[in-house]
Q: 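I have a structure I would like to understand better, so I am pasting it below and will then ask my questions one at a time.
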Amino acid sequence: AQSVAQPEDQVNVAEGNPLTVKCTYSVSGNPYLFWYVQYPNRGLQFLLKYITGDNLVKGSYGFEAEFNKSQTSFHLKKPSALVSDSALYFCAVRDRDNYGQNFVFGPGTRLSVLP
Amino acid sequence: ETGVTQTPRHLVMGMTNKKSLKCEQHLGHNAMYWYKQSAKKPLELMFVYNFKEQTENNSVPSRFSPECPNSSHLFLHLHTLQPEDSALYLCASSQGEASGGLNTGELFFGEGSRLTVL
């Protein structure tokens, strides 16, 4: 079975500092991994995905994520946080070796960037 | 503009009402999804349609009834709901999966329909 863990409910960071939002996953096969962001009263917006190839993936709004197979992690990072990055962030996984498996989302991490 | 449009954005209904949520995607996708997002709970997958065929019904109560007349439209019919059904209902779409294939595409979400059941 697939699962996604986001160990932190809340992450606080000062504006201009680097940020990391953590994600670990479990799949029986090989993963496709995704990050989404949700602003208040809005739907989820796609940020980036890892399919194959380079372990460092760059996405929208200056975000990037690093796939680490040995640690089964896919942490989201940004070198310099903005107040406007404050939102709810979701990690998701899909098992690419199991046809028919759907996306599984983590519980979300609320990021607060303090001015 | 996300390419996935949901209406209405807000809905208040009594427990005896019948209403419907509508979702339309303009992305040429063949798979559509309903998710439920409740406060302080993980995102819950409700239904999946792939090439208009329902491929997932995640133990959803029968008071929720999906309909997918074509690959671009998805409905969620609501009947005799309970207050605990109050939530944000999110529609999403992705590339569909033909038999034997697995797409790498991400989900594209609508803005959601905020449902309040009184």
Side-chain angles (χ1 to χ4, degrees), chain A residues 1-7 9-10 23 25 27-53 57 59-60 63 65 67 74 76 87-110, chain B residues 1-7 9-10 21 23 25 27 31-51 53-58 87-116:
Chain A
Q2 305 171 147
S3 67
V4 176
Q6 293 180 242
D9 291 337
Q10 174 89 33
C23 172
Y25 65 89
V27 295
S28 55
N30 289 295
Y32 292 139
L33 293 156
F34 306 82
W35 274 103
Y36 288 82
V37 60
Q38 185 179 32
Y39 298 99
N41 296 313
R42 306 292 295 275
L44 277 66
Q45 295 179 32
F46 169 75
L47 279 179
L48 50 80
K49 66 181 177 183
Y50 170 79
I51 301 300
T52 187
V57 179
S60 306
F63 284 94
F67 170 60
F74 190 56
L76 182 70
L88 190 56
Y89 289 81
F90 292 94
C91 181
V93 68
R94 195 175 192 193
D95 187 340
R96 66 175 171 172
D97 296 327
N98 284 285
Y99 170 69
Q101 288 295 314
N102 285 301
F103 296 81
V104 173
F105 284 84
T109 298
R110 188 163 301 281
Chain B
E1 177 57 52
T2 64
V4 180
T5 304
Q6 290 187 242
T7 54
R9 292 291 313 277
H10 300 272
L21 306 180
C23 177
Q25 58 94 2
L27 301 169
M32 296 188 77
Y33 308 72
W34 279 117
Y35 283 87
K36 177 183 179 183
Q37 187 177 31
S38 304
K40 302 189 177 181
K41 285 187 177 181
L43 208 60
E44 299 174 50
L45 177 64
M46 299 176 73
F47 301 104
V48 181
Y49 279 82
N50 189 42
F51 288 89
E53 298 295 321
Q54 188 179 123
T55 57
E56 182 103 14
N57 177 338
N58 207 17
L88 183 67
Y89 289 84
L90 293 163
C91 174
S93 70
S94 71
Q95 294 173 0
E97 296 172 12
S99 177
L102 179 63
N103 81 75
T104 63
E106 61 272 25
L107 294 173
F108 290 79
F109 284 85
E111 299 284 49
S113 293
R114 172 72 62 187
L115 173 66
T116 302

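Naming: A, B, ... by sequence-line order, numbering from 1 per chain. Just so it is clear, the values below take in all heavy atoms, side chains as well, and ignore hydrogens, waters and symmetry mates.
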Q: Please answer whether the main-chain N or O of A:Arg42 pairs with a side-chain N or O of B:Glu111 as donor and acceptor at a distance below 3.5 Å.
A: no
Q: In the structure I gave you, are the side-chain heavy atoms of B:Leu88 and A:Gln38 within less than 4.5 Å of one another anywhere?
A: yes
Q: With a 4.5 angstrom heavy-atom cut-off, could you sort out which part of B:Gln37 is near chain A: side chain, backbone, both or neither?
A: side chain
Q: In Å and rounded to the nearest 0.5 Å, what is the CD to CG distance from B:Glu106 to A:Leu44?
A: 12.5 Å
Q: Does B:Glu53 have any side chain to side chain donor-acceptor pair (under 3.5 Å) partners at least two apart in sequence or in another chain, and if so, which?
A: none
Q: What part of A:Asp9 gets closer than 4.5 Å to chain B, counting heavy atoms only: side chain, backbone, both or neither?
A: neither
Q: According to side chain to side chain donor-acceptor pair (under 3.5 Å), who are the partners of B:Glu44, at least two apart in sequence or on a separate chain?
A: none
Q: Among A:Phe46, A:Phe105, A:Phe34, find the residue that satisfies the side-chain contact (heavy atoms from CB on, under 4.5 Å) test when tested with B:Leu107.
A: A:Phe105
Q: Measure from the side-chain N and O atoms of A:Tyr36 to the backbone N and O of B:Phe109, and report whether any donor-acceptor pair falls under 3.5 Å.
A: no
